[in-house]
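Below is one structure, written out as structure tokens, with a few remarks after it.
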Amino acid sequence: NHRWAVVLAEDNRSDIFLVRRALAQSGLDYELFVVEDVAGAKSLLNRIGHDVPCPDVLLMDLNLPKTDGTELIRMFRENPDCKSVPVIVVTSSDSPKDRARAAELGVNEYFRKPSDLAEFMRLGELVSALLQDRRH
């Protein structure tokens, strides 16, 4: 049975908790690596291929301290091992500009953080479906 590696770039504690819950509820067997800023992401990227696997999916908040998520997406895309990793933007922003920027970077899904808990739990199904597609 395959254990999925999921990287979450998110600095909001309650959103990290909700993402963990959504993933757990989806029934996926996964390991979650959380990075809270660009420094954390760089340090994780440097470990890929050594003691950390290339993620199977990248969950990305666009609004992170000291950077916007697009810089992190670019960093992953520039890593030869990780350039095809699917990306799901998980953000509170519904701005057309952010959606356009995400599309430019070839983001697979744009998930707007809902205020409703049940809606937030749909993120787990989204991740699960994306990973099942990759397996086939």
Side-chain angles (χ1 to χ4, degrees):
N1 200 0
H2 184 73
R3 188 148 208 234
W4 300 102
V6 179
V7 169
L8 169 63
E10 172 64 74
D11 65 319
N12 179 312
R13 291 265 164 232
S14 52
D15 286 345
I16 292 169
F17 173 80
L18 288 172
V19 168
R20 278 186 200 282
R21 251 185 84 176
L23 290 173
Q25 213 169 302
S26 74
L28 281 173
D29 182 16
Y30 68 94
E31 185 170 0
L32 186 65
F33 300 89
V34 178
V35 297
E36 296 188 15
D37 54 25
V38 74
K42 280 181 178 158
S43 128
L44 183 77
L45 272 166
N46 291 334
R47 292 170 53 200
I48 285 173
H50 305 290
D51 63 331
V52 171
C54 196
D56 294 296
V57 65
L58 184 58
L59 304 178
M60 173 67 63
D61 185 358
L62 289 179
N63 306 309
L64 291 166
K66 300 190 209 83
T67 184
D68 71 357
T70 55
E71 185 186 342
L72 298 193
I73 296 170
R74 249 191 305 279
M75 283 164 49
F76 274 88
R77 292 279 189 249
E78 284 164 5
N79 180 315
D81 301 326
C82 304
K83 62 177 175 276
S84 64
V85 172
V87 176
I88 300 176
V89 165
V90 181
T91 182
S92 48
S93 165
D94 205 17
S95 116
K97 196 176 124 219
D98 284 344
R99 284 182 179 273
R101 241 179 25 199
E104 259 166 48
L105 288 163
V107 162
N108 301 68
E109 299 280 350
Y110 192 100
F111 183 82
R112 182 156 182 263
K113 292 175 188 172
S115 50
D116 178 66
L117 181 65
E119 277 292 296
F120 205 114
M121 293 302 109
R122 282 190 44 244
L123 179 63
E125 296 160 28
L126 194 66
V127 171
S128 183
L130 193 67
L131 291 174
Q132 298 312 325
D133 279 357
R134 280 202 83 189
R135 181 180 272 161
H136 301 299

So the disulfide (SG to SG under 2.5 Å) pairs with at least one residue in residues 2-119 (sequence neighbours excluded) are Cys54-Cys82
State, with a plain yes or no, whether a side-chain heavy atom of [X] is found less than 4.5 Å away from one of [Y].
| X | Y | value |
| --- | --- | --- |
| Leu62 | Arg101 | yes |
| Arg13 | Glu36 | yes |
| Gln132 | Ser128 | yes |
| Pro53 | Trp4 | no |
| Val6 | Asp56 | no |

Applying salt bridge (Lys or Arg N to Asp or Glu O under 4.0 Å) to Glu109 and not counting sequence neighbours gives none
All side-chain contact (heavy atoms from CB on, under 4.5 Å) counterparts of [X], not counting sequence neighbours:
| X | answer |
| --- | --- |
| Ser43 | none |
| Glu31 | Arg3, Phe33 |
| Asp116 | Ala118, Glu119 |

Go through the steps to decide whether Thr91 and Arg112 satisfy the test side chain to side chain contact (heavy atoms under 4.5 Å, CB included), and finish with yes or no. CA-CA 5 Å; Thr91 182; Arg112 182 156 182 263; 5.6 Å; no
CG (Leu105) and CD (Glu71) are apart, to the nearest 0.5 Å, by 11.5 Å
One should read off an interatomic distance between Glu10 CD and Leu32 CG, to the nearest 0.5 angstrom, of 11.0 Å
Are [Y] and [X] co-members of a hydrophobic cluster defined by side-chain heavy atoms under 4.5 Å apart?
| X | Y | value |
| --- | --- | --- |
| Tyr30 | Val57 | yes |
| Val7 | Leu59 | no |
| Val90 | Leu130 | yes |
| Ile48 | Met60 | yes |
| Met75 | Val34 | no |

| message | Does Arg122 have more than 12 heavy atoms from other residues, nucleotides or ligands lying within 6.0 Å of its CZ? | response | no
Which of Asp61, Leu64, Val87, Leu44 passes side chain to side chain contact (heavy atoms under 4.5 Å, CB included) with Leu72? It is Leu64
Discussion item. Main chain of Val85, side chain of Arg77: is a donor-acceptor contact present, judged purely on distance under 3.5 Å?
Written reply: yes
Identify all side-chain donor-acceptor contacts of residues 15-26 below 3.5 Å with residues at least two apart in sequence or on another chain.
residue: Asp15; atom: OD2; partner: Lys113; partner atom: NZ; Å: 2.7
residue: Ser26; atom: OG; partner: Leu23; partner atom: O; Å: 2.6
residue: Ser26; atom: OG; partner: Leu28; partner atom: N; Å: 3.4

Quick one: do Ile88 and Val107 satisfy side chain to side chain contact (heavy atoms under 4.5 Å, CB included)? Show the steps, please.
CA-CA 6 Å; Ile88 300 176; Val107 162; 6.0 Å; no
Note: Pro55 and Phe76 closest approach over all heavy atoms is CG-CE2, 3.8 Å
Looking only at heavy atoms, the pair that brings Phe120 and Phe111 closest together is O-CZ, 3.8 Å
